[in-house]
Amino acid sequence: MSAATTTRTPRSRREARAAALFLAPDAIGLTVFVAIPMLLSAVLGFFWIDGFGNVDFIGMDNYVRMAKDPQFWNSARVTLIYLVTLVPLIFVVGLGLALLVQQRFPAVGIIRSALFLPYVVSMVVVSMIWQFMLTDRTGVIATALSAIGIDGISFLGDPKLAMGTVVAVTVWLQMGYYMIIFLAGLQDIPGELYEAARIDGASAWQRFRSITLPLLAPTSFFVLLTSMVAVVTGGLDMIFVLTSGGPANSTSLLIFYIYQQAFLFGDLGYAAAVGSVLVVFLLIVSAGMFLATRGGRFSHDD
């Protein structure tokens, strides 16, 4: 037994070194570009900084101001609405498309590529194209609606429609990526399980509910977690181009509010404080998801 142990030890050490080398680039990148900025943001939240070299320690004043700031709470409400609307839509649309393109039919490869293509295009370019299409009276969509007698709809200028429009554009942009993620998960499910279910007389819905969804649990967890983080921390480019937070602050997400405070109003300390609160929110929700699902296993089995 000791001989076997000694023969395995050098191999295990080589594997450990190889693993460390493979993990090192990501670990360094996460440390430099994520962990350190998060810590700096938390520290800067206790200072007043105007961006011109003037720095003053003010303790908890930024957080007290935040608690009394109606615009902050409005942005938090808008972000929450955006989150609870967009994440389920991305999940359902991504899974639905994956189930569709999993089938074998002519030109399925072209359809997969076409659905994924928007994701690889710059978000600024995509936003500018949609802004051109959604422009009041002269946009492509407004012109098409006018041709069938529907006038006066302002998709980006009406507070009741602006957020829904941003959500729709975001789903269109992101659905191809999550389709690919779900497609990879579907292809890992053994076909013998479906064949056995068919022999037992299970319907398509029963096969989906009893086989597909349970075995897609880790993939579903990954999609929910990554889409939540992307929704909360992303979207600045799209909001800036499409609506600039308007109309009437109806699309002013917290990430856009942070941008305003830091780069339009020059209040870097307050922006850092809001960013720290946003990070804490993400950490709490992510930890809750991990605890509730045991890392995406949705089971108490080891």
Side-chain angles (χ1 to χ4, degrees), residues 62-63 65-93 118 122-146 150-175 178 224 227-267 270-282 285:
N62 282 326
Y63 294 95
R65 171 187 167 188
M66 192 188 312
K68 300 178 180 179
D69 186 356
Q71 183 55 45
F72 165 78
W73 291 109
N74 175 73
S75 296
R77 178 185 63 84
V78 170
T79 302
L80 185 61
I81 294 173
Y82 188 61
L83 176 66
V84 299
T85 303
L86 187 55
V87 170
L89 281 175
I90 287 177
F91 184 92
V92 172
V93 173
S122 168
M123 186 178 292
V124 174
V125 173
V126 169
S127 302
M128 292 180 67
I129 292 173
W130 276 101
Q131 185 189 48
F132 171 76
M133 295 175 62
L134 294 167
T135 301
D136 297 348
R137 294 187 297 277
T138 60
V140 175
I141 295 178
T143 302
L145 292 176
S146 179
I150 302 177
D151 295 310
I153 298 180
S154 179
F155 291 98
L156 298 177
D158 188 341
K160 297 180 180 179
L161 299 177
M163 178 53 72
T165 302
V166 172
V167 168
V169 174
T170 306
V171 170
W172 176 85
L173 178 66
Q174 300 282 343
M175 63 183 183
Y178 293 104
L224 290 173
S227 61
M228 180 201 67
V229 174
V231 165
V232 174
T233 61
L236 174 62
D237 298 344
M238 181 175 293
I239 293 296
F240 184 84
V241 174
L242 287 179
T243 64
S244 294
N249 293 321
S250 61
T251 61
S252 179
L253 302 176
L254 272 177
I255 192 69
F256 183 78
Y257 180 66
I258 293 171
Y259 162 79
Q260 283 183 314
Q261 297 299 318
F263 299 105
L264 297 184
F265 306 145
D267 199 342
Y270 184 61
V274 177
S276 298
V277 170
L278 189 60
V279 169
V280 170
F281 168 77
L282 284 175
V285 175

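One-based numbering along the sequence shown.
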Do [X] and [Y] come within less than 4.5 Å of each other through their side chains, counting heavy atoms only?
{"X": "L80", "Y": "V84", "result": "yes"}
{"X": "W130", "Y": "V126", "result": "yes"}
{"X": "L254", "Y": "V232", "result": "no"}
{"X": "L173", "Y": "M238", "result": "yes"}
{"X": "W172", "Y": "P118", "result": "yes"}

Looking only at heavy atoms, which two atoms of V171 and L89 are closest? And how far apart?
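That would be CG2-CB, 4.0 Å.
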
Excluding sequence neighbours, so at least two apart, what forms side chain to side chain donor-acceptor pair (under 3.5 Å) with [X]?
{"X": "S146", "result": "D151"}
{"X": "D69", "result": "Y257, Y270"}
{"X": "N249", "result": "Q71"}

Once you round to the nearest 0.5 Å, how far does [atom1] of [X] lie from [atom2] of [Y]?
{"X": "M133", "Y": "I141", "atom1": "CE", "atom2": "CD1", "result": "4.5 Å"}
{"X": "I258", "Y": "L253", "atom1": "CD1", "atom2": "CG", "result": "10.5 Å"}
{"X": "L236", "Y": "I255", "atom1": "CG", "atom2": "CD1", "result": "6.0 Å"}
{"X": "I81", "Y": "L86", "atom1": "CD1", "atom2": "CG", "result": "13.0 Å"}
{"X": "T170", "Y": "M123", "atom1": "OG1", "atom2": "CE", "result": "7.0 Å"}
{"X": "S252", "Y": "Y259", "atom1": "OG", "atom2": "OH", "result": "12.0 Å"}

Any chance CZ of F240 has more than 12 other-residue heavy atoms, nucleotides or ligands included, within less than 6.0 Å?
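Atom CZ in F240 is not crowded, with 12 or fewer foreign heavy atoms closer than 6.0 Å.
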
Counting only heavy atoms from other residues, nucleotides and ligands, does the tally under 6.0 Å from CZ of F265 exceed 12?
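Yes, the 6.0 Å shell around CZ holds more than 12 heavy atoms from other groups.
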
Identify all side-chain donor-acceptor contacts of residues 155-169 below 3.5 Å with residues at least two apart in sequence or on another chain.
unit_1 : atom_1 : unit_2 : atom_2 : d
D158   : OD1    : K160   : N      : 3.0
T165   : OG1    : F155   : O      : 3.1
T165   : OG1    : L161   : O      : 2.8

Is there a donor in the side chain of R65 and an acceptor in the side chain of N62, or the other way round, less than 3.5 Å apart?
no

Checking V125 now: which residues fulfil side-chain contact (heavy atoms from CB on, under 4.5 Å) with it, not counting sequence neighbours?
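Checked V125 against side-chain contact (heavy atoms from CB on, under 4.5 Å); matches are V121, S122, I129.
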
Could you walk me through whether V285 and M228 pass side chain to side chain contact (heavy atoms under 4.5 Å, CB included), step by step?
CA-CA 9 Å; V285 175; M228 180 201 67; 3.1 Å; yes

Would a distance-only check, ignoring hydrogens and angles, find a side-chain to backbone donor-acceptor pair under 3.5 Å from S227 to L224?
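Yes, the answer is positive, given that a donor and an acceptor are paired below the 3.5 Å cut-off.
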
Does S127 use its side chain to pair, donor to acceptor, with the backbone of V241 at less than 3.5 Å?
no

Residues which pass ring pair (Phe, Tyr, Trp, His ring centres under 6.0 Å) with W73, listed by chain and number, not counting sequence neighbours:
none

Step by step, work out the side chain to side chain contact (heavy atoms under 4.5 Å, CB included) result for F281 and T79.
CA-CA 12 Å; F281 168 77; T79 302; over 6 Å; no

